[in-house]
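Notes follow the structure.
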Amino acid sequence: MKRNYSAFAEDIPAYSGPKAARETHADLKQLSAIPGHIYVRPELQILPGQRRFSKMPWLVPILELLPPTSISHLKEWGLSTIFVLAKNYNKLVHVWESVTAMVELWHPQTNSFIFSEFEATILLEELEIMLGLPRYQRGEESALSYTVEQINSWSILAYITTKKNDLYSMTSGMHVHLLPIAQWITSQCKRKTTNYTAIAKAAAISICGVILFPEADGTISFGNLSIIDSISEGMKIGQAVLGFLYAGLTSAALGGPFYGSVVALELWMGMHIRFRAVEDLTMECKTMLNHPLAYVGGRLHMSPRAWCKTAQVKGIHAWCQYLRSLTVADFDMRPRFMHGRTIHLPQRTRLALRLLGNGALVSYNPDRCHLQCGAARTVVPLLSHFPPIQERKRGDTQDKRDMRSAVVHWEGCATSAIQAEVEEDDEAIVEYIEALNKLQPGGGNN
């Protein structure tokens with residue numbers, strides 16, 4: 001359905017200044033001062049836990065059974081990279097110590113990582129390119145995937161099967177079970193039916209549920225089911241994927257369960273934490289053999305025959321020390337795959353951007369991460385008056401207004417091209433780092 005909200009722009013409440021921001025959104029806190037933040041709870045074991053991210057014995061077998069026509073549909077929908085990652089999912093090894101150490105640097109007010117000398121976040125454009133998802137362009141707001149109505153999971157799954165017993169087995173509460181969907185795919189493929197589009201839709205639910213929206217092993221929410229279903233209609237899902245990951249990072253940073261695409265997070269870490277090529281090109285880097293980059297790094301201009309500076313970092317304490325003291329020199333602000341790419345930024349403070357998803361509106365602050373955006377350091381921007389994560393109530397009048405506001409702000413966002421090199425002002429660097437030191441205890445070297 002085409003959506004056009006430009007006509008409503010005059011109804012959107014604008015940012016009304018620092019005073020309003022202070023009243024509606026507390027001043028930025030030091031990580032150690034945020035109640036419950038894992039930065040000061042080193043004894044807390046948050047990952048992986050709660051039946052998340054374990055191997056799915058049914059995943060690879062169903063992908064090997066898919067007919068060529070169904071695979072072609074997945075490629076047409078922009079899921080080629082997700083298909084490759086899913087087909088190798090049981091080989092992937094997540095380095096949970098490094099992920100936990102990154103979560104300790106996540107600031108739930110800014111939705112960014114606070115390092116000792118800089119701030120960084122997972123940009124929407126980075127995520128879309130790394131995962132090979134269809135990319136958002138300004139003017140395509142009608143193609144952003146979300147819904148403001150209540151979601152009927154059966155109406156979505158009815159394209160796959162209309163048998164009530166199947167539908168009952170696939171759903172419970174507000175979640176969809178992936179195993180019964182996988183069993184249905186297996187049945188259809190072994191019977192050599194010609195329901196190629198339905199098989200492709202079922203496969204999309206399975207692989208996106210595991211790679212993009214992992215929440216609890218083998219299940220996805222109705223909201224994320226609706227997002228995945230929209231892919232076949234040409235909708236852009238990058239914002240929903242990134243917003244879900246941001247929310248999962250915030251949950252984990254505050255001591256809750258981690259959810260969201262850990263594959264995307266590890267791809268991002270692998271592309272930014274600097275790698276050096278080995279002198280002996282015949283030498284294979286064992287630390288990269290089961291990293292997600294081993295399967296998709298080629299098109300990101302990342303060679304799997306590399307030596308990683310973090311190869312000798314072992315254990316959670318070593319990872320925390322390494323990342324807390326990480327310098328600009330050890331972090332590739334503008335990896336090669338982003339050179340010349342256009343990124344979207346808030347046009348100004350009064351037009352703060354929020355990522356659209358079916359579960360929540362999530363604050364998006366790329367302008368805080370100046371070096372990533374190809375600009376010199378400057379003062380740290382003020383917080384938006386919007387909450388970092390605003391849970392949604394679909395079907396609610398206020399929710400429709402909030403979504404309309406978010407879309408209008410994306411229509412009016414600014415764009416910038418990523419430059420390979422940036423000249424910086426020394427005085428601005430000092431002022432910027434002083435501001436960051438107020439957010440991370442001890443300048444991040446504790």
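Numbering of residues begins at 1 and proceeds along the displayed sequence.
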Check your understanding: side-chain contact (heavy atoms from CB on, under 4.5 Å) between Ile207 and Leu212: does it pass, once the steps are laid out?
Key -> CA-CA 8 Å; Ile207 64 177; Leu212 302 182; over 6 Å; no

Review point. Does the pair Trp106 and Phe258 meet the rule for a ring pair (Phe, Tyr, Trp, His ring centres under 6.0 Å), with working shown?
Key: CA-CA 12 Å; Trp106 181 256; Phe258 175 75; 9.9 Å; no

Practice item. Could you check Phe118 against Ile429 for side-chain contact (heavy atoms from CB on, under 4.5 Å), going step by step and ending with a plain yes or no? Key: CA-CA 9 Å; Phe118 61 96; Ile429 292 175; over 6 Å; no

Practice item. Take His177 and Ile181 through the test side-chain contact (heavy atoms from CB on, under 4.5 Å) and record every step on the way to the result. Key: CA-CA 7 Å; His177 297 281; Ile181 294 177; over 6 Å; no

Check your understanding: Ile82 and Leu133: side-chain contact (heavy atoms from CB on, under 4.5 Å), yes or no, with the steps?
Key -> CA-CA 8 Å; Ile82 306 303; Leu133 298 174; 4.3 Å; yes

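Thr250 places no side-chain N or O within 3.5 Å of a backbone atom of Pro108 that could act as its donor or acceptor partner. The backbone N or O of Ala352 sits less than 3.5 Å from a side-chain atom of His409, completing a donor-acceptor pair. Of the possible donor and acceptor atoms, one in the side chain of Lys55 sits under 3.5 Å from a partner among the backbone N and O of Tyr89. A donor-acceptor distance shorter than 3.5 angstrom exists from the side chain of Arg41 to the backbone of Gly36, with no hydrogens or angles considered. Gln390 places no side-chain N or O within 3.5 Å of a backbone atom of Pro387 that could act as its donor or acceptor partner. In this structure, the side chain of Ser230 does not engage the main chain of Lys236 through any donor-acceptor pair within 3.5 Å. The backbone N or O of Ala202 lies less than 3.5 Å from a partner atom in the side chain of Ser206, making a donor-acceptor pair. A donor-acceptor contact shorter than 3.5 Å is absent between the side chain of His175 and the backbone of Ser221. When atom types are taken as modelled, the side chain of His107 and the backbone of Gln109 share a donor-acceptor pair closer than 3.5 angstrom.
When side chains are defined from C-beta on, His94 does not count as touching Val99, because their heavy atoms never get closer than 4.5 Å. In this structure, Asn365 and Pro381 have side chains that are not in contact, with every pair of non-hydrogen atoms separated by 4.5 Å or more. Using a 4.5 Å heavy-atom threshold, the side chains of Val362 and Phe386 count as separate. In this structure, the side chains of Tyr432 and His370 come closer than 4.5 Å at one or more pairs of heavy atoms. Side-chain contact between Met338 and Met271: absent, with no pair of heavy atoms (C-beta onward) separated by less than 4.5 Å.
With respect to Arg368 and Glu119, a salt bridge is recorded, a charged nitrogen being found less than 4.0 Å from a carboxylate O. Arg135 and Glu128 are not joined by a salt bridge, as no carboxylate oxygen comes within less than 4.0 angstrom of a charged side-chain nitrogen. Ionic pairing of Asp229 and Lys201 is present here: one or more N-O contacts between side-chain nitrogen and carboxylate oxygen are shorter than 4.0 angstrom.
Around atom NE2 of His339, more than 12 heavy atoms belonging to other residues, nucleotides or ligands sit under 6.0 Å away.
Taking Glu427 as the reference, nothing meets the side chain to side chain donor-acceptor pair (under 3.5 Å) condition, with sequence neighbours excluded. Applying the side chain to side chain donor-acceptor pair (under 3.5 Å) criterion to Thr121, with sequence neighbours excluded, gives Tyr246. In this structure Ala182 satisfies the side chain to side chain contact (heavy atoms under 4.5 Å, CB included) test together with Trp58, Ile62, sequence neighbours excluded. Qualifying salt bridge (Lys or Arg N to Asp or Glu O under 4.0 Å) partners for Glu104, counting only residues two or more places apart in sequence or in other chains: Arg324. With sequence neighbours excluded, the residues forming a side chain to side chain donor-acceptor pair (under 3.5 Å) with Lys91 are Asn88, listed by chain and number.
Looking at every heavy atom in both residues, Asn111 comes nearest to Ser363 through ND2-O, 2.8 Å. Arg138 and Ala414 make their closest contact through NH1-CA, 4.0 Å (heavy atoms, listed as atom of the first residue, atom of the second, distance). For the pair Ala101 and Cys320, the tightest heavy-atom approach, listed with the atom from each and the gap, is CB-N, 3.8 Å. When all heavy atoms of Leu245 and Ala264 are compared, the closest pair comes out as CD2-CB, 4.4 Å. For Ser416 against Leu345, the heavy-atom pair with the smallest separation is CB-CD1, 3.8 Å. Residues Ile122 and Tyr364 share a closest heavy-atom pair of O-CE1, 4.2 Å.
Rounded to the nearest 0.5 angstrom, Ser80 OG and Leu131 CG are separated by 12.5 Å. Atoms CG and CG, on Leu28 and Leu436 in that order, are 10.0 Å from each other to the nearest 0.5 Å.
Using bins of under 30°, 30° to 60° and over 60° for the plane-to-plane angle, the ring pair Tyr322/Trp319 lands in the perpendicular bin. Ring-plane geometry between Trp268 and His272 is classed as tilted, the angle between the planes lying from 30 to 60 degrees on a 0 to 90 degree scale.
Contacts classified as ring pair (Phe, Tyr, Trp, His ring centres under 6.0 Å) and involving residues 120-139 (residues at least two apart or in different chains) are given here: Tyr136-His344, Tyr136-Trp410.
If you check the side chains of Glu266 and His291, you find no donor sitting under 3.5 Å from an acceptor.
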